[in-house]
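Here is the naming used below: chain letters follow the sequence lines, and residue numbers restart at 1 for every chain.
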Amino acid sequence: MNIHAIKAIYRFEMARTGRTIFQSIVSPVLSTSLYFIVFGAAIGSRISEVDGVSYGAFIVPGLIMLSLLTQSVSNASFGIYFPRFTGTIYEVLSAPVSYLEIVIAYVGAAATKAIIVGLIILATAGLFVPLEIQHPAWMMLFLVLTAITFSLLGFILGIWADNFEKLQFVPLLIITPLAFLGGSFYSISMLPPFWQTVTLFNPVVYLISGFRWSFYGQADVGVEVSLAMTFVFLFACLAVIAWIFKTGYRLKA
Amino acid sequence: MAPILSISGLSKTYDTGFQALKSVSLDIEKGEVFALLGPNGAGKTTLISIICGIVNGTGGSVTVDGHDIVRDFRAARSLIGLVPQELTTDAFETVWATVSFSRGLFGKPKAPAIVEKVLRDLSLWDKKDSKLMTLSGGMKRRVLIAKALAHEPRVLFLDEPTAGVDVELRRDMWRVIRELRDTGVTIILTTHYIEEAEEMADRVGVINKGEIVLVENKAELMRKLGRKQLTLHLADPLDAIPGALAAHNLELSGDGSELVYTYDTQGERTGITALLQDLNTAGIRFRDLQTRQSSLEEIFVNLVRTPS
Ligand SMILES: Nc1ncnc2c1ncn2[C@@H]1O[C@H](COP(=O)(O)OP(=O)(O)OP(=O)(O)O)[C@@H](O)[C@H]1O
Ligand SMILES: [Mg+2]
């Protein structure tokens, strides 16, 4: 293992984040607060309770997931796209680092940042609604696994994208709808039966469901199923990345 | 002694179907300075990129100090430093940070003293806290060299290190390259400035259309392929070359005061003796004479124009 290289890339990526620390933290905190005002206060006053949890508290896990997904994807995709775009990727490609090390460093940094943002949002949510976390260890596990999985997805996106439009559009066109339709703001059981079935094809449902379970002990799908599905997505992403590096797709001519 | 870099049958066909390298074989000796010359698009950067792991070769193999660049990439790449042709830097990083980053990337522990030495050698020390985007092009080029040297490579590739660099800076770089060679680093550079190859290289390779056309010791090359010119300054100007001298390969200068004789140092005989005799017989007297050897540049242009 080239530990020095992993550290170098990881630090480089975290320093890049550090330079934009203000945007990195302020924007998620602001948008979360807005969600609370709109969904929690305005709509929540009419819904009152979902599965015995106040609506304001009910949406907390979904909101955290929403930010976690978008942050993971955008951090990781930008992290690898930018050196490709500027050409500085040459140095990483010419260094004695294995593909695995490259992925650990880039994805690790992206996931770290996303997790930090997730925890900040959790803290922000605590200002609006009383929080209870029944299974903190599970919560962290879902947080970490989701951040890693979607950072891997972002990494793939950052390698696939050949312009800035694609880099921004995919999260907007795919991730956001999946997250919104994945039960961030409602319980799947509130949907008509047909849509409940459709929803089961949305990977984000499992993440949010499992995550919510770790807070309130209730879930749309069993927590084991959530965990298993999370690993399925994780390994699917790893498989794609392994293929990318094996063929040099978009990295090497 | 085993070569430090051994390239055999290396070929590259890009996805576009363009064949940029056609079975290139080349050995580089430990500690030499090798200049790779060739016109735009000859395949110089492609060759270097494959060796450094940036481009995948489509055939053949390369070893660095015995390590295969694919199977044993870690060992091979640890030995190599690369200064790319394009000026690519992270705009927001400082000089110090980016050079330290390179060292870490190549698996070396932090060593501020080494980074400091590299920066001082390249006259970058007073810029160490500057952001890269505030540097001039020549300074960025130095930063790229510093990055390549930060992990103390044994083999250094310089892809047009002095492109767009002023004369003073160029001499500076030559000095750095010489110092590196003195510490035993093997250097492979590409350049369009023949002057540079002539000044720096121990050996010269010429690549054209993806094929190595020639590899030769520099002095040997200049001696073998060099054409010499003998210029005779005449005592009395001529209107035309006299018929008695038509057999010789002569040119008359515009004002008729100089006769220029071009000959090949490689030839069996230079023909100078016969020429002088004929001049004597024809009664042409001259005040002075001088000989001139063609530069590497002229040799190079000749080679590329008529590929062997
Ligand atoms: N990624 C690529 N895809 C397709 N063709 C390429 C690619 N990169 C280079 N080529 C082609 O391969 C040939 C060799 O290019 P290369 O960059 O190796 O030349 P070079 O000798 O370094 O030239 P220069 O002196 O201009 O730097 C050129 O014809 C170029 O157009
Ligand atoms: Mg080139």
Inspect the surroundings of CZ in A:F180 and state if more than 12 heavy atoms from other residues, nucleotides or ligands are less than 6.0 Å away.
yes
Residues of residues 2-22 of chain B under 4.5 Å from chain A (heavy atom pairs)?
B:K12, B:Y14
Given the options A:R11, A:R19, A:K252, A:M1, which has more heavy-atom pairs under 4.5 Å with chain B than any of the others?
A:K252
So what's closer than 4.5 Å to chain B heavy atoms on A:R16: side chain, backbone, both or neither?
neither
Nearest 0.5 Å, please: how far is OG1 in A:T88 from CG in B:L132?
10.5 Å
Using non-hydrogen atoms only, which part of B:L144 is less than 4.5 Å away from chain A: side chain, backbone, both, or neither?
side chain
Are B:K147 and A:E91 side-chain neighbours, meaning at least one heavy-atom pair lies under 4.5 Å?
yes
Distance check, rounded to the nearest 0.5 Å: A:S94 atom OG versus B:F73 atom CZ?
12.0 Å
With rounding to the nearest 0.5 angstrom, report the OH to OG1 distance, A:Y90 to B:T88.
5.0 Å
Taking the side chain as C-beta and beyond, is there a heavy-atom pair between B:F106 and A:N2 under 4.5 Å?
no
Interatomic spacing from NZ in A:K7 to CG in B:L105 - rounded to 0.5 Å
14.0 Å
How long is the gap from OG on B:S100 to CZ on A:F12, to the nearest 0.5 Å?
12.5 Å
Verify the neighbour count for atom CZ of A:F85: are there more than 12 heavy atoms of other residues, nucleotides or ligands below 6.0 Å?
no
